[in-house]
Participant: 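To start, I am sharing the structure in question, which I have written as structure tokens.
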Amino acid sequence: MNRKNALAAAVAAALALGSVTVVATQSTAATRPTAAAGTPVARPGAGFRAMTADARVEAIRTAGRNAAATARALGLGPDEHLVAKDVLIDAGGSRHVRYDRTYKNLPVIGGDLVVHLTEDGTINGSDLAHQGAIRVAGTTPKLTAAGASAAAVRHARHVRNAKAGSKDSTLVVYAVGKIPVLAYRATVTGEGEAGPASRQAVIVDATSGVPLDQYELHQSITGTGNGVTAGQVSIETTQSGSGYTLTDAAHGGTIVYDSYNSPQSNPRQNARAFSKTTNSWGNGTSSSRESAAVDASYGLAKTWDYYKNSFNRSGIRNDGRGAPAYVHVDTGLLNAFYDDNCFCMYFGDGSSQNGNTPVTALDVAGHEMSHGVTAATANLNYSGESGGLNEATSDIFGTMVEFSAGNAGDPGDYYIGEKLNMSGGYMRRMDSPAVDGRSLSCWNSSAGSVDVHLSSGIGNHFFYLAAEGTGAKTIGGRSHNGTTCNNDTFAGIGRDKAAAVWYRALSTYMTSTTNYAGARTATLQAAADLYGTNSQERYLVSKAWAAVSVGTALPDPGTPTPSPSTPTPSPTTPPSGNALANGSFEQGTSGWTQSDDIITSSTLQTARDGSWYAWMMGYGADAVESLSQANIAVPSAGTPTLTFWLKVTTQESGPTAYDTLKVKVNGTALATYSNADASSGYVQKTVDLSAYRGQTVKLEFAGTEDTYLSTVFLVDGIAIG
């Protein structure tokens with residue numbers, strides 16, 4: 001049986017496996033169902049149905065029973081298993097099932113995926129953090145767990161006096177890049193930004209001990225000061241005998257504890273629940289330990305209500321359970337954080353730098369609880385651009401909680417931590433992140449290398465512009481100024497619509513390795529789902545991304561797009577001699593739209609010139625990838641050509657084209673390269689564009705790989721002139 005017949009047989013087998021079926025054209029690539037043009041998906045809840053706890057449990061059980069068939073349908077390997085994590089059901093009955101992956105019973109970091117099914121159980125799309133099957137040379141490490149811990153301590157960048165024991169290192173498969181490797185995930189403790197007991201996850205190669213990644217385990221708000229009180233508010237409590245406790249039965253049984261200044265290394269050491277004989281709590285100042293507890297209880301309840309009312313989400317994990325909260329953690333702690341390991345939240349008391357104000361502001365509570373929502377959905381890595389998106393998500397929804405609460409003493413605005421008594425008056429500003437002198441307002445190729453609290457500015461800025469548009473305005477009594485990175489001006493879609501788009505993208509399409517380019521793709525799909533492919537909402541979302549230097553704006557659906565037979569007015573080659581933007585990729589992803597992390601500066605391959613290049617395919621499994629740029633003005637004079645440098649390396653042999661890279665213009669394939677074109681180095685290719693002289697076109701590099709051996713296509717130095 002040849003490889004194509006083997007694939008057909010595998011698909012046929014999957015079709016016969018119970019309630020999971022698969023469309024014959026399905027592959028492991030990130031394909032997504034799209035609503036009909038102009039047809040919004042029913043709301044509320046960002047298009048999702050409300051589910052009881054029992055219904056959700058049963059939906060997850062069903063997904064678990066179908067996991068093996070789903071893995072086979074997606075072309076995963078025999079050593080891989082899927083573990084059902086969550087299920088969302090659209091108003092129309094379509095399901096979105098989120099799975100984690102294991103490989104030979106080892107956790108796979110970056111192995112998460114979302115499978116999209118129609119109401120009858122047919123798979124019609126999928127989003128994978130790592131495309132295709134997982135393969136590593138072996139699962140027996142050369143490095144011991146103790147050796148891995150020692151290596152992690154040596155390489156920990158963000159903690160001082162680091163330490164870790166052998167039990168703190170766990171063997172995993174690290175699949176965040178294109179080539180999975182056997183690795184250890186170690187937990188290192190020491191003095192750092194999160195306090196004297198900071199905890200860092202350090203990933204090291206299980207063979208060499210080389211560091212692969214590291215990030216904070218406390219997904220925390222940090223700064224020079226935190227804290228605010230909610231003022232006179234109503235809170236939910238529970239009567240127990242003749243007394244009361246801060247147990248909120250209306251919000252999943254959330255309990256607020258007094259940590260009694262237990263050390264951050266063990267914040268529950270001395271903890272006890274708040275209780276008293278009367279149902280009146282706090283005095284509005286930090287002189288009463290109850291005041292911070294009131295703030296926390298109020299903030300967590302308002303956050304719960306926001307997610308429930310907006311998205312039909314019942315609690316952090318959508319299971320109706322409230323997460324416990326601990327106030328008065330440590331002494332002089334300028335921090336608050338969510339810890340998914342204990343499913344709980346911690347709030348410090350602040351310090352002399354902010355008047356010892358407890359770190360329990362409304363947007364802080366919303367921020368921390370939203371870290372839990374992210375952990376339960378996309379589980380965005382807390383490093384690189386994914387980490388920036390993680391922090392931005394918490395800022396976005398913490399801000400939305402503030403708007404929805406309607407507290408006259410703390411009106412909604414796009415300032416983060418504005419009530420924390422900080423010297424600058426806020427922690428971050430979403431309308432103009434760079435105004436603090438540190439945060440990023442615009443994407444650049446170094447965005448993945450800065451602290452996640454600073455790279456979050458890109459996502460925050462996008463959200464503000466998508467919601468409010470450009471221009472100066474006053475919101476919540478504070479000045480805001482929606483400036484852009486490209487000097488564009490446009491209206492916003494409104495904060496509720498923008499939040500619905502972000503939530504659907506987070507819960508339905510994003511995975512642990514999503515970067516800013518991937519977030520653009522996910523939000524555009526979410527906007528199409530909610531408001532229609534040709535909607536103004538989707539168009540303005542694309543405008544907001546372009547305004548923070550992520551991709552380009554889509555054509556305005558209100559203006560007909562010229563067809564190839566109708567030339568646009570006399571485009572000419574720009575002074576640079578290249579009609580393409582960023583053809584050498586040295587500006588990162590700027591100007592390009594990519595289906596995955598294609599544009600890279602990874603040292604695992606080499607660029608033809610400079611440091612950046614496009615790495616397409618190389619999975620050794622069914623996959624498709626796309627790299628494109630739109631609105632290119634082909635020169636109107638002479639003989640316009642496309643030139644680029646291509647390097648092909650492959651595990652295939654012989655002249656048969658199993659894996660291909662097509663060069664398309666306006667959807668028409670003008671050239672095809674394959675594994676049969678393998679070369680020892682880069683070879684320059686030329687494509688005649690005379691048929692498109694004087695037109696505005698879209699250029700696409702479309703890669704396709706089959707089930708078996710891998711082929712890598714490296715592209716660099718692209719030019720049209």
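Note that this is a predicted model, so its numbers are computed, not measured. Keep in mind that the numbers below use all heavy atoms, side chains included, and drop hydrogens, waters and symmetry copies.
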Participant: We want to know whether Thr102 and His81 form a side-chain donor-acceptor pair, criterion being a heavy-atom distance below 3.5 angstrom.
Facilitator: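 Side-chain D/A pair, Thr102 to His81: absent.
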Participant: Does the plane of the ring in His453 sit parallel, tilted or perpendicular to the ring in Tyr382? Use 30° and 60° as the thresholds.
Facilitator: perpendicular
Participant: At their closest point, which heavy atom of Asn390 faces which heavy atom of His371, and how far apart are they?
Facilitator: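 That would be OD1-ND1, 2.9 Å.
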Participant: Between Phe311 and Tyr306, is the ring-ring contact (aromatic ring centres under 6.0 Å, His included) condition met? List the steps.
Facilitator: CA-CA 8 Å; Phe311 311 124; Tyr306 171 73; 5.6 Å; yes
Participant: In terms of ring plane angle, is the pair Trp304 and His251 parallel, tilted or perpendicular, where the classes change at 30° and 60°?
Facilitator: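 Perpendicular.
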Participant: Within this structure, what is the CG-CG distance for the pair Leu554 and Asp556, rounded to the nearest 0.5 Å?
Facilitator: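 Answer rounded to 0.5 Å: 10.0 Å.
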Participant: Thinking salt bridges, do Glu402 and Lys419 make one under a 4.0 Å N-O criterion?
Facilitator: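 So Glu402 does not pair with Lys419 through a salt bridge.
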Participant: Would you compute the distance between atom CD1 of Ile316 and atom OG1 of Thr303 and round it to the nearest 0.5 angstrom?
Facilitator: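 Spacing of CD1 (Ile316) from OG1 (Thr303) equals 9.0 Å.
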Participant: Where do Lys543 and Ala553 come nearest, in terms of heavy atoms and distance?
Facilitator: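 Here Lys543 and Ala553 meet closest at CD-CB, 3.7 Å.
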Participant: Between Phe462 and Tyr516, does the ring centre distance come in under 6.0 Å?
Facilitator: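 Centroid distance Phe462-Tyr516: not below 6.0 Å, so no.
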Participant: Parallel, tilted or perpendicular: which one describes the rings of Tyr414 and Phe463, with boundaries at 30° and 60°?
Facilitator: tilted
Participant: Can you find a side-chain donor-acceptor pair between Ser291 and Trp281 that sits under 3.5 Å?
Facilitator: no
Participant: Using only heavy-atom distances, determine whether the side chains of His480 and Asp413 contain a donor-acceptor pair under 3.5 Å.
Facilitator: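 Note: His480 and Asp413 side chains miss the donor-acceptor criterion.
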Participant: For Asp295 and Thr360, test the side chains for any donor-to-acceptor distance below 3.5 angstrom and give the result as yes or no.
Facilitator: yes
Participant: Working note: Asn515 + Thr513, criterion side chain to side chain contact (heavy atoms under 4.5 Å, CB included); need CA distance, chi angles, decisive distance, verdict.
Facilitator: CA-CA 6 Å; Asn515 59 10; Thr513 59; over 6 Å; no
Participant: Minimum heavy-atom separation for Thr511 to Thr514, with atom names?
Facilitator: N-OG1, 2.9 Å
Participant: Taking atom types as modelled, is there a side-chain donor on Ser383 or Asp213 under 3.5 Å from an acceptor on the other?
Facilitator: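 On atom types as modelled, these side chains qualify, holding a pair under 3.5 Å.
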Participant: Quick one: is the NZ or CZ of Lys497 closer than 6.0 Å to the six-membered ring centre of Tyr531, and within 45° of its axis?
Facilitator: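 Judged by the rule (NZ or CZ under 6.0 Å from the ring centre, within 45° of its axis), Lys497 counts as positioned above Tyr531.
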Participant: Looking at Gly92, is its backbone amide N or carbonyl O close enough to the side chain of Asp90 to form a donor-acceptor pair, meaning the two atoms are under 3.5 Å apart?
Facilitator: no
Participant: Please confirm whether the ring centroid of Tyr426 lies under 6.0 Å from the ring centroid of Tyr415.
Facilitator: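 Yes, the ring centres sit under 6.0 Å apart.
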Participant: Strictly below 4.0 Å, N to O, side chains only: are Asp436 and Arg428 in salt-bridge contact?
Facilitator: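 The answer is no: the pair does not qualify as a salt bridge.
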Participant: Consider side chain to side chain contact (heavy atoms under 4.5 Å, CB included). Of Leu76, Val83, Ile109, which one does Arg101 pass it with?
Facilitator: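 The side chain to side chain contact (heavy atoms under 4.5 Å, CB included) with Arg101 is passed solely by Leu76 among Leu76, Val83, Ile109.
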Participant: Does the gap between the ring centers of Phe397 and Tyr307 come in under 6.0 Å?
Facilitator: yes
Participant: Counting distance only, does the side-chain N/O of Ser441 pair as donor-acceptor with the main-chain N or O of Ala434 below 3.5 Å?
Facilitator: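 Checking the backbone N and O of Ala434 against the side chain of Ser441, a donor-acceptor pair under 3.5 Å is found.
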Participant: Taking all non-hydrogen atoms of both residues, which atom of Pro433 and which atom of Ser439 are closest, and how far apart?
Facilitator: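 Nearest pair, atom of Pro433 first, then Ser439: O-CB, 3.4 Å.
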Participant: Pairing donors with acceptors under 3.5 angstrom, does anything connect the side chains of Tyr464 and Asn481?
Facilitator: no
Participant: If only side-chain N and O atoms count, and only distance matters, is there a donor-acceptor pair under 3.5 Å linking Glu391 with Asn460?
Facilitator: no
Participant: Has the side chain of Thr238 got a donor or acceptor atom that lies under 3.5 Å from a matching backbone atom of Thr245?
Facilitator: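 No; zero donor-acceptor contacts below 3.5 Å.
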Participant: Between His367 and Tyr338, is the gap from one ring center to the other below 6.0 Å?
Facilitator: no
Participant: Does any N or O in the side chain of Ser404 come within less than 3.5 Å of the main-chain N or O of Val401, such that one atom is a donor and the other an acceptor?
Facilitator: yes
Participant: Could you give the distance from CG (Asp112) to CE (Met510), rounded to the nearest 0.5 Å?
Facilitator: 12.5 Å
Participant: Any sub-3.5 Å donor-acceptor pair from Lys85's side-chain atoms to Leu113's backbone N or O?
Facilitator: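 No; zero donor-acceptor contacts below 3.5 Å.
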Participant: Can a side-chain donor-acceptor contact be found between Thr118 and Asn124 if the only test is distance below 3.5 angstrom?
Facilitator: no
Participant: Testing Arg317, Arg98, Arg56 for salt bridge (charged side-chain N to carboxylate O under 4.0 Å, His left out) with Asp86, which one passes?
Facilitator: Arg56
Participant: When you compare the side chains of Arg65 and Thr62, does any donor N or O come within less than 3.5 Å of an acceptor on the partner?
Facilitator: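 A pair is found: one side chain offers a donor N or O, the other an acceptor, under 3.5 Å apart.
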